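Only one structure is covered here, and it is reproduced in the block below.
Just so it is clear, the model here is predicted, and its values are computed rather than measured. Convention: sequence-line order gives letters A, B, ...; per-chain numbering from 1.
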Amino acid sequence: MSRALLDTLMTAPYVARFGVRLEVKGTELTGVLPFDNDLVGNPLIPALHGGAVGAFLEIVASGSLLLSQPLQKLPKPIDVAIDYLRPARAQDVYARAIVARSGRRVANVRAEAWQGRTDAPVATLHGHFLITPESSDPAPVQR
Amino acid sequence: MDDDIQHRLDTIAPLIVDGSPHAVALGFRIDRLTPGKAAMSAPYSEALIGDPETGTLHGGVITALLDHVCGMAAFGGLGARDTPATLDLRIDYMRPAKPGQDIHAEAECLKSHGLVAFVRATAHDGDIADPVAIAQAAFMITRASKAAQERTMKAMRGEHPL
């Protein structure tokens with residue numbers, strides 16, 4: 001676990017601005033995105049902004065990587081693919097992530113967000129993150 | 001045909017940011033809007049930093065900007081009548097955005113037919129040849145978005161309030 005980096009992640013102005021919380025129980029991490037009108041993308045449906053839900057999934061994915069192992073730096077997303085399965089309604093959103101594989105440089109993470117029912121996800125994310133494990137060799141010098 | 005679409009885009013343009021609380025919260029601006037193409041920007045803001053050590057904007061700002069600008073290109077590409085919903089959004093983060101720089105995003109609807117549109121977008125911080133991120137997305141006009149659009153049109157004609 002990288003406790004100090006988890007704090008850095010959660011106190012970053014953007015993350016604090018939108019009130020994201022991470023609830024850790026043992027080795028399991030659940031992210032909470034409390035409903036706020038500033039998260040609404042389309043008030044006519046009303047639905048949360050796809051970008052807000054995507055960003056929340058990225059934060060939970062990073063948090064899960066930090067919880068699962070000691071890292072020297074915050075994970076950096078390389079790529080993410082987000083599927084939007086249902087409109088995210090004007091309610092709190094929850095998310096959990098699974099670290100599918102974590103190597104010396106790259107981690108592969110899947111995350112899922114839901115609202116009322118865990119079996120009715122609103123969005124899923126699959127992403128690769130650049131990581132710097134504490135035990136890894138220093139990055140090769142760039143010439 | 002394109003003139004009709006352009007007219008509808010011009011009519012709706014003021015609502016594209018102002019009608020979306022999240023876009024307002026992130027300070028988005030609309031730069032250009034033509035049928036099937038859209039350009040928007042996100043101003044640099046210390047309140048939206050993702051890594052306090054480097055001062056770069058949070059990836060979420062870029063995610064939201066790319067989603068929004070792709071949605072606008074899809075909206076125009078589909079005839080500018082119904083607001084499409086994002087089916088999927090794939091983003092490659094090519095490099096960190098430079099601290100202090102605004103992010104600009106340009107999207108193009110590559111193909112649309114019926115209810116589905118395919119869009120590609122690039123986000124950069126000054127030089128489009130050196131992108132911060134690129135995105136590819138698919139959008140679809142759904143029942144929920146169609147119903148919302150009908151309510152808007154009725155309200156705009158003054159038939160009933162929203």
Side-chain angles (χ1 to χ4, degrees), chain A residues 5 7-18 20 33 35-62 73-90 122-130, chain B residues 15 19-26 28 45-71 83 85-96 133-140 142-145 147-152 155 162:
Chain A
L5 283 175
D7 288 345
T8 308
L9 174 76
M10 298 314 293
T11 53
Y14 173 91
V15 180
R17 163 79 176 76
F18 291 107
V20 178
L33 178 67
F35 173 73
D36 185 293
N37 193 55
D38 277 354
L39 297 170
V40 172
N42 185 342
L44 300 170
I45 295 182
L48 302 187
H49 200 287
V53 176
F56 171 56
L57 282 165
E58 273 177 47
I59 295 163
V60 174
S62 290
K73 293 179 185 168
L74 288 179
K76 284 201 178 79
I78 300 169
D79 61 45
V80 295
I82 306 159
D83 283 338
Y84 294 95
L85 308 172
R86 295 177 174 79
R89 302 291 180 184
V122 294
T124 62
L125 172 143
H126 174 207
H128 294 94
F129 291 76
L130 200 60
Chain B
L15 286 174
S20 175
H22 194 59
V24 173
L26 298 178
F28 290 172
S45 160
E46 284 183 359
L48 301 174
I49 287 174
D51 186 345
E53 234 172 73
T54 57
T56 54
L57 283 179
H58 195 277
V61 180
I62 294 163
T63 308
L65 181 68
L66 285 168
D67 184 36
H68 213 87
V69 76
C70 285
T83 315
T86 319
L87 282 184
D88 71 22
L89 173 68
R90 195 187 169 287
I91 303 177
D92 290 322
Y93 294 101
M94 309 196 118
R95 63 171 177 84
I134 57 169
Q136 193 154 323
F139 287 82
M140 188 171 181
T142 61
R143 252 183 325 180
S145 61
Q149 197 65 21
E150 278 161 16
R151 286 201 297 277
T152 318
L162 282 176

Problem set entry | Side chain, backbone, both or neither of B:E46 within contact of chain A (heavy atoms, under 4.5 Å) | backbone
Exercise. Side chains of A:I78 and B:D92: does their closest heavy-atom pair fall under 4.5 Å?
Worked result: no
Exercise. About how many Å separate CG of A:L85 and CG of B:L87, when rounded to the nearest 0.5 Å?
Worked result: 9.5 Å
Exercise. Would you say the ring centroid of B:H22 lies under 6.0 angstrom from that of A:F18?
Worked result: yes
Problem set entry | Rounded distance (nearest 0.5 Å) linking atom CD1 of A:I82 with atom CZ of B:R90 | 11.0 Å
Seminar exercise, completed: Listed by number, the residues in residues 55-62 of chain A that come under 4.5 Å of chain B (heavy atom to heavy atom) are A:A55, A:E58, A:I59
Exercise. So which pairs with a foot in residues 38-52 of chain A pass salt bridge (charged side-chain N to carboxylate O under 4.0 Å, His left out), sequence neighbours left out?
Worked result: A:R17-A:D38
Seminar exercise, completed: Comparing B:L65, B:L26, B:I91 against chain A, the one with the most heavy-atom pairs below 4.5 Å turns out to be B:I91
Exercise. Which distance, rounded to the nearest 0.5 Å, do you find between the CD1 of A:I45 and the CZ of B:R143?
Worked result: 12.5 Å
Problem set entry | Side chain / backbone / both / neither for B:T83 at chain A, heavy atoms under 4.5 Å | side chain
Problem set entry | B:D51 vs A:L74 side-chain heavy atoms within contact, under 4.5 Å | yes
Exercise. Between B:S20 and A:V40, is any pair of side-chain heavy atoms under 4.5 Å apart?
Worked result: no
Seminar exercise, completed: Expected contact set for residues 57-64 of chain B against chain A at heavy-atom separation under 4.5 Å reads B:H58, B:G59, B:G60, B:V61, B:T63, B:A64
Problem set entry | Side-chain donor/acceptor of B:D67 to backbone N/O of A:G51, under 3.5 Å | yes
For this session: Looking only at non-hydrogen atoms, find the nearest pair between A:Y84 and B:T86 and report the distance.
Result: CB-O, 3.0 Å
Exercise. What distance do A:K76 atom NZ and B:R95 atom CZ have between them, rounded to the nearest 0.5 Å?
Worked result: 13.5 Å
For this session: Evaluate side chain to side chain contact (heavy atoms under 4.5 Å, CB included) for A:L130 paired with B:Y93, printing each intermediate quantity in order.
Result: CA-CA 11 Å; A:L130 200 60; B:Y93 294 101; over 6 Å; no
Exercise. If you count heavy-atom pairs under 4.5 Å with chain B, which of A:A12, A:G54, A:A47 comes out on top?
Worked result: A:A12
Problem set entry | Reported CG-to-CG distance for the pair A:L125 and B:D88, which is rounded to 0.5 angstrom | 12.0 Å
Exercise. Side chain, backbone, both or neither: which part of B:A47 has a heavy atom under 4.5 Å from chain A?
Worked result: backbone
Exercise. Residues two or more places apart in sequence or in another chain: which of them pass side-chain hydrogen bond (donor to acceptor under 3.5 Å, both in side chains) with B:H68?
Worked result: A:H49
